[in-house]
Amino acid sequence: MNTCLTAAFRRGSILLVSVMFSQAACSAAQLVIGDFKGADYGDWKRTGTAFNPGPAAGALLARLEIENSPDGSLASSEVEGDKPTGTLTSPRFTISRPYIAFRIGGGDYERHTCLDLLIRGKVARSATGWRSDRLTPGSWDVREFIGQEAQVRLVDEAGGDWGHINADEIVQTDTPERLPETVGPLYQESLRPQFHFTARQWTVNRLNPRERQEGWLNDLNGLIYYEGEYHLFAQRWAKCWIHAVSRDLVHWTELEPAFWEERLDSGVQSGTCVVDYKNASGLSPDKAIPPMVAFWSRFDNRSQCLSYSLDRGRTWKHYEKNPIMIRPERDPKVFWHAPSSHWVMMMYGDNQYHVLTSTNLLNWKDEQKPIRDSFECPDFFELPVDGNRGNRKWVLIQGNGKYSIGRFDGVAFTEEAGRFPCDLGDFYATQTWDNVDTGDGRRIQAAWMRFSHFPDMPFSQQVTFPCELSLRSTPSGPRLFREPIREIALLHRGQDSWTNRSLRANETLRLAPSGRLFHIKAQTRIPEGARLTFNIRGVPVVLASKTLECGGRSAAAAGPIEAVEILVDRASIEVFVNRGEISLSRFVLPKENGLSVKAEGGAAMLESLRVHPLASAWPPTLKPAEPPAAPPSRP
């Protein structure tokens, strides 16, 4: 007898209408998409060989160490081990319940061992196993897709360790056993930075993402300005290149990833993007459409590859003749050197930057002029000293944020001074936007703000706020200064100001009782022996006559500290002293409210002080994203 009817009779129901209502309620609770109880997969479609043996059932489950399958029969790509690969796709169905629930186990490789929901043939939701063969319940919220036609697909494209996927009891339901992980609307999560770029999740619902998982970002790659747009690319630990665009460097729109690794763990490591205006590479069939060309390295640290776009970075294609060369190691930085009329590549390898040249971006010559004692992710560009275009110097920035200044003749770089930090804080893999001579010419820098872990959030890591770079003369020679770009003013929401405010020793000036987003600018006079301590939501920023200290890190200015600028976001503090002579970027999770400043060790003067509360750079509401474009055909 139908279990719903049985339950109704056991309750002693005597009215037929009551029995019918009970039956309807139970049937509305779930619609089976796949329970895999038969000897084969029926009208589900297979590719490859991973699912050829049919469902796993009975004694086979014990041999495969599969647990928690309620009916003892499930879809599995593990029957013949981890080596076979393939897919298993359901017939089409119409979404008519708010959730799709399932049980899942196996490998934890996004895109490679997963269960996908397909809408119009594109992945709209996805879930992976968790490196365990004990099936665990999961679900997707699919309310936005109700009434649309869909399919589910099991994917096994991993042929090594944990290279399999297991699933059971895939159903449409009103009441899933386990609800999806949710922490609020996109960009409105409680810890989401509001004017520092962070990555989003597209298809998964996962808190605390790790390297190579949706929501994670690290090294910045290929920053470039093109046709009115700033493009930001970043690593998802060589799984893909994250991609976002902006017209003002403040309001970002994250696009789906630009391109992915060619196969599991092949890697698309850090690199550069250029615009090949003359189509010297021949990658564009139409010379009127210059290709955007991205250079990157595989995980073997030998295969140097490229991908390109012919539609302003919206879609990308891997070059069919990759790799373009085999040589150690990685992180190619490519740029056009006009005086020499050739392209230059700086590539990290063996603790050096190797200098290569090319006329077509495809064939490269090693100039045998390495820059020794160098470390990862180079950035290299020219700047005028004190704005004098007749006196220009080249700036080399290493992955660790240290820079040096010198001369470059197209093949050899000659350093003219020591190496100095761009920033004292959590600052790594810095890059600057290139091709800016087609815009306003500013050299603008951003970096990965390392160690930015957001507890129980669907994102991890963040990017420093963009800063304009300049070379200025100092008593010790030219030095690199970095200041927040002027576009921060787009977020200003009012202002509190003070002028010629003297603070006695141990006097505190309250600046704001609450708030999480601020832009603070001050002109100061701090006598020897005195200090000004800005309390930023419980985090002290200490200014002495010539030194800055924050978070256990300190630095001395060349002269008296006369100006300070502070950016405060939900999870960061960035401090700039003397118009960028010193900068310090820190990930913090403040535990207090309010802003204040206190004089200690003697009186100090605030000649001017402005506190601007800031609006969020993210839109207040965001429509659900369209499913990402279908990935390239699977090998």
Side-chain angles (χ1 to χ4, degrees), residues 34 36 40-41 44-69 73-90 102-118 123 125-138 151-170 202-204 206 209-214 216 236-240 257 259-269 298-301 303 318 630-635:
F36 313 111
D40 57 33
Y41 290 116
W44 286 56
K45 302 299 183 183
R46 292 170 294 162
T47 65
T49 61
F51 295 95
N52 281 357
L60 183 58
L61 300 189
R63 179 172 69 80
L64 297 176
E65 299 181 340
I66 296 174
E67 300 176 335
N68 207 27
S69 173
S73 183
L74 70 151
S76 176
S77 66
E78 190 185 10
V79 174
E80 294 181 341
D82 281 343
K83 188 174 181 179
T85 59
T87 66
L88 181 66
T89 306
S90 77
F102 45 84
R103 289 177 178 251
I104 193 167
D108 185 9
Y109 302 113
E110 291 179 6
R111 289 173 54 89
H112 296 282
T113 55
C114 55
L115 174 67
D116 291 337
L117 173 68
L118 305 179
V123 179
R125 299 283 188 272
S126 188
T128 67
W130 54 301
R131 294 182 68 86
S132 171
D133 285 323
R134 180 175 177 81
L135 301 187
T136 186
Q151 295 173 284
V152 295
R153 178 179 65 189
L154 283 159
V155 177
D156 179 355
E157 287 190 352
D161 184 44
W162 286 101
H164 63 269
I165 190 73
N166 300 319
D168 197 4
E169 289 194 331
I170 306 173
W202 290 91
T203 63
V204 304
R206 189 196 298 264
R210 304 186 308 275
E211 298 91 335
R212 295 176 65 75
Q213 295 179 339
E214 285 192 17
W216 171 278
R236 191 187 292 166
W237 212 270
K239 183 81 171 178
C240 63
F259 48 85
W260 299 81
E261 60 184 352
E262 299 144 301
R263 59 188 180 280
L264 179 61
D265 292 337
S266 62
V268 281
Q269 295 194 88
R298 289 179 182 152
F299 262 148
D300 63 5
N301 288 331
S303 301
H318 289 316
S633 57
R634 301 179 184 273

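In this text the structure is predicted, and so the values were computed from the model without any measurement.
- Annotation: the span from Trp130 atom CH2 to Thr113 atom OG1 amounts to 14.0 Å, rounded to 0.5 Å.
- The backbone N or O of Glu80 sits nowhere less than 3.5 Å from a side-chain atom of His164 that would complete a donor-acceptor pair.
- Considering every non-hydrogen atom in both Asp156 and Pro84, the closest pair reads OD2-O, 3.3 Å.
- Minimum heavy-atom separation, Trp216 to Arg236: O-CG, 3.7 Å.
- When each of Leu118, Thr89, Leu117 is tested with Val152 by the rule side chain to side chain contact (heavy atoms under 4.5 Å, CB included), just one qualifies, namely Leu117.
- The salt bridge (charged side-chain N to carboxylate O under 4.0 Å, His left out) check on Glu65 picks up nothing, with sequence neighbours excluded.
- Rounding to the nearest 0.5 Å places CG of Asp116 at 10.5 Å from OG1 of Thr128.
- The two atoms that bring Ile66 and Ser76 nearest to each other are CD1-OG, 4.2 Å, heavy atoms only.
- In terms of the side-chain hydrogen bond (donor to acceptor under 3.5 Å, both in side chains) criterion, Ser266 has no residue partners (sequence neighbours excluded).
- With hydrogens and angles ignored, the 3.5 Å screen pairs a side-chain donor or acceptor of Glu261 with a backbone N or O of Gly267.
- The distance between the ring centers of Phe36 and Trp44 falls below 6.0 angstrom.
- In summary, of the residues considered (Glu214, Arg111, Arg125), a side chain to side chain donor-acceptor pair (under 3.5 Å) with Thr203 occurs for Glu214 alone.
- Atom CZ of Phe102 sits about 14.5 Å away from atom CG of Leu74, to the nearest 0.5 Å.
- Residue pairs meeting the salt bridge (Lys or Arg N to Asp or Glu O under 4.0 Å) criterion with at least one partner in residues 158-169, sequence neighbours excluded, are Arg103-Glu169, Arg131-Asp161.
- The two residues Ala75 and Leu88 come nearest to each other via the heavy atoms CB-CD2, 4.2 Å.
- Side-chain contact annotation: Glu110 with Ser126, donor-acceptor N/O pair under 3.5 Å absent.
- In this view, Asp265 and Arg212 satisfy the salt bridge (charged side-chain N to carboxylate O under 4.0 Å, His left out) rule, not counting sequence neighbours.
- In this structure, Tyr109 OH and Leu264 CG are separated by 6.0 Å, a value rounded to the nearest 0.5 Å.
- Between the side chain of Ser77 and the backbone N or O of Ile165, at least one donor-acceptor pair lies under 3.5 Å.
- Rounded to the nearest 0.5 angstrom, Ser69 OG and Leu61 CG are separated by 6.0 Å.
- One distance of note links NZ of Lys45 with CZ of Arg153; it measures 15.5 Å at 0.5 Å rounding.
- Every residue two or more places apart in sequence or in another chain was checked for a salt bridge (charged side-chain N to carboxylate O under 4.0 Å, His left out) with Asp82, and none qualifies.
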**Request:** Dump the intermediate steps for side-chain contact (heavy atoms from CB on, under 4.5 Å) on Leu135 and Asn166, then the final yes or no.
**Result:** CA-CA 8 Å; Leu135 301 187; Asn166 300 319; 3.9 Å; yes

**Message:** Using the rule given for side-chain contact (heavy atoms from CB on, under 4.5 Å), can you reason through Thr49 versus Thr85, listing the C-alpha separation, both sets of side-chain angles and the distance that settles it, and then say yes or no?
**Reply:** CA-CA 6 Å; Thr49 61; Thr85 59; 5.7 Å; no

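- Taking all atoms of both residues into account, the shortest heavy-atom contact from Ala127 to Ile104 is O-CD1, 3.6 Å.
- For the pair Gln151 (side chain) and Ser90 (backbone), a donor-acceptor distance under 3.5 Å is present.
- Here the closest heavy-atom approach between residue Phe299 and residue Gln269 is recorded as CA-NE2, 3.7 Å.
- The salt bridge (charged side-chain N to carboxylate O under 4.0 Å, His left out) test applied to Arg210 returns Asp108, not counting sequence neighbours.
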